[in-house]
Amino acid sequence: MADQTIDITVLGRTYRVACEDGEREALLRTAVYLDAKMNEIRNAGKVSGSERIAVMAALNIAHELLTTKLGGGFDIGEAKRRIAAVEAKLDSVLARQEKLF
């Protein structure tokens, strides 16, 4: 369940979106990435109209994702999940350690 809403801007338009607690920074980075991709397509001048630009950006981003996941490339999402799990485990162990003193 979303704990808050934030405003993001894509192609000069502002959207209010739901955001889970603790996911604000990741969502903002994602919006910046999407905005950059869409501006890149718009500035190339080969595609016009926000809807077409959005579809082309979605296709390009999906291609990047699938190339990484299916092409034997480095899966950054999996790496981030593993790092988060290790951090959580360390935090748990350190919290118990601090209670001893």
Side-chain angles (χ1 to χ4, degrees):
M1 173 169 253
D3 296 304
Q4 60 181 320
T5 60
I6 62 170
D7 292 335
I8 62 167
T9 302
V10 178
L11 280 184
R13 292 186 62 188
T14 301
Y15 301 90
R16 178 156 288 178
V17 295
C19 179
E20 295 292 326
D21 209 20
E23 293 292 321
R24 182 178 188 279
E25 291 304 314
L27 181 56
L28 290 173
R29 283 192 310 272
T30 302
V32 168
Y33 183 75
L34 176 60
D35 185 51
K37 287 292 188 182
M38 290 179 70
N39 275 300
E40 182 180 301
I41 292 166
R42 182 184 65 191
N43 294 339
K46 295 179 182 177
V47 179
S48 62
S50 296
E51 185 175 308
R52 288 179 183 252
I53 291 170
V55 169
M56 292 304 299
L59 286 171
N60 288 338
I61 293 168
H63 176 72
E64 290 172 6
L65 174 67
L66 291 175
T67 299
T68 300
K69 285 191 167 229
L70 300 176
F74 182 73
D75 185 349
I76 189 87
E78 178 62 22
K80 286 182 178 181
R81 284 187 289 279
R82 287 179 180 220
I83 290 169
V86 169
E87 287 176 338
K89 184 72 170 175
L90 286 171
D91 288 344
S92 172
V93 170
L94 290 173
R96 286 187 296 210
Q97 180 71 26
E98 289 175 4
K99 289 180 182 178
L100 294 175
F101 298 101

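Just so you know, these numbers use all the heavy atoms, side chains as well, and skip hydrogens, waters and symmetry mates.
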*asked:* Using the side chain to side chain donor-acceptor pair (under 3.5 Å) criterion, which residues pair with Asp91? Sequence neighbours excluded.
replied: none

_Spatial distance of atom CD1 (Ile6) from atom CD (Glu23) [nearest 0.5 Å]_ = 10.0 Å

*Pairing residues for Met38 by the side chain to side chain contact (heavy atoms under 4.5 Å, CB included) criterion, not counting sequence neighbours*: Val10, Leu11, Leu34, Ile53, Ala54, Ala57

*Listed partners of Arg13 passing side chain to side chain donor-acceptor pair (under 3.5 Å), at least two apart*: none

*Could you tell me which non-hydrogen atom of Met56 sits nearest to which non-hydrogen atom of Val47, and how far apart they are?*
CG-CG2, 4.1 Å

*What's the shortest heavy-atom distance between Gln4 and Glu20, and which atoms?*
NE2-O, 4.0 Å

*Should Leu59 and Leu66 be regarded as members of a common hydrophobic cluster, given that ILVMFWY residues are connected when their side-chain heavy atoms come within less than 4.5 Å of each other, either directly or indirectly?*
no

*Can you find a heavy atom in the side chain of Lys37 that is under 4.5 Å from one in the side chain of Ile61?*
yes

*Pairs involving residues 41-60, ordered by first then second residue, that meet side chain to side chain donor-acceptor pair (under 3.5 Å) (sequence neighbours left out)*: Asn39-Arg42

*side chain to side chain donor-acceptor pair (under 3.5 Å) against Tyr15, all qualifying residues, sequence neighbours excluded*: none

*So do the side chains of Thr5 and Val17 get within less than 4.5 Å of each other, counting heavy atoms only?*
no

Could you list the donor-acceptor pairs under 3.5 angstrom formed by side chains in residues 26-33, with sequence neighbours left out?
from  : atom 1 : to    : atom 2 : distance (Å)
Thr30 : OG1    : Ala26 : O      : 2.8
Tyr33 : OH     : Glu64 : OE1    : 2.3
Tyr33 : OH     : Glu64 : OE2    : 3.2

